[in-house]
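A short write-up of the structure that comes next.
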There are 2 protein chains.
Amino acid sequence: MESFQRFGMLTGPGKADEAEENTVMARAPRTDWDPYADGCPSREVLDRIGDKWTVLVLGELAESGTRRYTALRRKLDGVSEKMLTQTLRALERDGLVRRTVHPEVPPRVEYEITELGATLREPLVALKNWSMRHMDEVLEARAAYDRERDTAAQG
Amino acid sequence: MESFQRFGMLTGPGKADEAEENTVMARAPRTDWDPYADGCPSREVLDRIGDKWTVLVLGELAESGTRRYTALRRKLDGVSEKMLTQTLRALERDGLVRRTVHPEVPPRVEYEITELGATLREPLVALKNWSMRHMDEVLEARAAYDRERDTAAQG
DNA sequence: CGGTATCCTAATCGATACTG
DNA sequence: CAGTATCGATTAGGATACCG
C-alpha cells in the first residue's frame, strides 16, 4: 500500500473527511511520495475519467443496464467509432465494463457495467455535486479575473 | 440549471447515492442533454482535474497552507516552470487559489488555497478512496485481460 | 525570484475508408 | 453490425533561453 502514498494532497490538515485511512496516512512523512510516480492508482483514475468519453459511457451503461455498440454510438452523439471502441476497450480491460459477443450473424455485441464499474459512480456523483454546487462561484471568479485582466490591459 | 443536464449519467437507476438533486433530476428526459455540450460544469471539472498537475498543486497548498512559487516547484518535482505557472494561473482564474504578490526586491509571490478550492478536496478524497479500495481489482482485471489477450495471440 | 517567450515532441482526438 | 487501419489536426506538455 506504500505506492498509494502519492495523492497525499488529500491527507494533511483538513477535518478528517471520511477518516478512513486518515488514521494510517495522516501526517505521513512527505519524503516517500513521488510527485508523479508511475502506477499511482489515483493518477490512473484521474487520467481515465479525465478523458473525453469514459464518464459518458459509464453513465449511459449505469443508466441503461446494457447497450449494444451502435446504440451507444447513437446515444453519445458525436463520438467517433474509434473513440468509442477505444474507451470501451479500456473500460473492459479495467474490469469496469463487461463485453459480451453473441455468436450470430449479423454480430451482436453487448456492453454492461460491472459491479466494480458501478462503484465508481459514487465518487463521480460527488464530483458532479461539487460542480453543481460551486460552478457558479467558479464562473464568477473567472469573470472577475478576466475583467481585471482586460482592465489592466487597457489602462 | 438546464445546462447541468449533461453528466446525466449520474442520475438514473442506482440507489440514490446522496439523493441531493436526485429528486429534481431523477429520470430527467434524456432528450435535452447534449452529450458533449460546451460549458458543462462537470466536464470542465473533469478536464481540470484530469490534467497533469492541478490535483498535486491543490493538494500541496491544501496541506501547507501557503507556498511560494519556488517552494512549489521544488515540492512538485519534475514540473516545468511553464506548467506550474499555467496550472496556478488556471486555478487562480477559477477562484480555487489566491495569488499574492509582495512588492519587494527580490519579488515574493505566495499561493494559498481559497475556501472554494478547499471544498474541492472532499470529492477528490472520495476519488482517492475509491482508488485505494478498488485499484487492486482494476489491476487484477487488467492482468486477466492481458493474459487472455496474449493467450489468444499465441494459440 | 518569479516569471515569459519560443520552439519542439508526443499524445489525444476525429474523419474517412475499409473488413469479417 | 461491429469493428480496424490510417491519416491529419489539435492540444498538452516540456526544454531552453531570456526578462523585470
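Naming convention: chains lettered A, B, ... in sequence-line order (proteins, then strands); numbering from 1 in each chain. Quick caveat: nothing in here was measured; it's all calculated off a predicted structure.
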Can you pull out every salt bridge (charged side-chain N to carboxylate O under 4.0 Å, His left out) where at least one residue sits in residues 81-91 of chain B? Sequence neighbours excluded, please. B/Arg73-B/Glu81

Relative orientation of the end axes in the helix from C/dC1-D/dG20 to C/dG20-D/dC1, expressed as an angle to the nearest 10° (five pairs per end): 50°

Evaluate the criterion side-chain contact (heavy atoms from CB on, under 4.5 Å) for residue pair B/Glu122 and A/Trp130; output intermediate values, then yes/no. CA-CA 9 Å; B/Glu122 204 181 303; A/Trp130 185 90; over 6 Å; no

Name all residues meeting the side-chain hydrogen bond (donor to acceptor under 3.5 Å, both in side chains) criterion together with B/Thr85; count only those two or more places apart in sequence or in a different chain, and write none if there are none. B/Tyr69

When the distance from CD of A/Glu104 to C1' of C/dG20 is rounded to whole Å, what number comes out? 16 Å

Checking B/Thr66 now: which residues fulfil side-chain hydrogen bond (donor to acceptor under 3.5 Å, both in side chains) with it, not counting sequence neighbours? none

Partners of B/Arg48 by side-chain contact (heavy atoms from CB on, under 4.5 Å), sequence neighbours excluded? A/Arg142, B/Thr54, B/Ala90, B/Leu91, B/Asp94

Which residues satisfy the side-chain contact (heavy atoms from CB on, under 4.5 Å) test with B/Val101, sequence neighbours excluded? B/Arg99, B/Val109

Interatomic distance where CD belongs to A/Gln86 and C1' belongs to C/dG14 [whole Å]: 11 Å

To the nearest angstrom, how far is B/Asp47 atom CG from C/dC13 atom C1'? 13 Å

Rounded to whole Å, please give me the gap between CG in B/Asp51 and C1' in D/dG14. 14 Å

Interface with DNA chain D, restricted to residues 90-97 of chain A and to heavy atoms under 4.0 Å: none

Those residues that, when tested against A/Thr87, pass side-chain hydrogen bond (donor to acceptor under 3.5 Å, both in side chains) (two or more places apart): none

B/Lys52 NZ - C/dT12 P separation (whole Å): 11 Å

Once you round it to whole Å, what is the distance between P of D/dA12 and CG of B/Leu46? 15 Å

Where protein sits on nucleotides 2-10 of chain C, one letter per nucleotide: B base, S sugar-phosphate only, - none, heavy atoms under 4.0 Å: SBB------

Over how many whole Å does the gap from A/Leu84 atom CG to C/dT12 atom C1' extend? 16 Å

Please, which pairs that meet salt bridge (charged side-chain N to carboxylate O under 4.0 Å, His left out) have at least one residue in residues 101-115 of chain B, sequence neighbours excluded? B/Arg98-B/Glu112, B/Glu104-B/Arg108, B/Arg108-B/Glu110

Working note: A/Val45 + B/Met135, criterion side-chain contact (heavy atoms from CB on, under 4.5 Å); need CA distance, chi angles, decisive distance, verdict. CA-CA 9 Å; A/Val45 171; B/Met135 207 59 193; 4.3 Å; yes

With sequence neighbours excluded, what pairs up with A/Ser80 under the side-chain hydrogen bond (donor to acceptor under 3.5 Å, both in side chains) test? none

For A/Glu140, the side-chain contact (heavy atoms from CB on, under 4.5 Å) test, sequence neighbours excluded, returns none

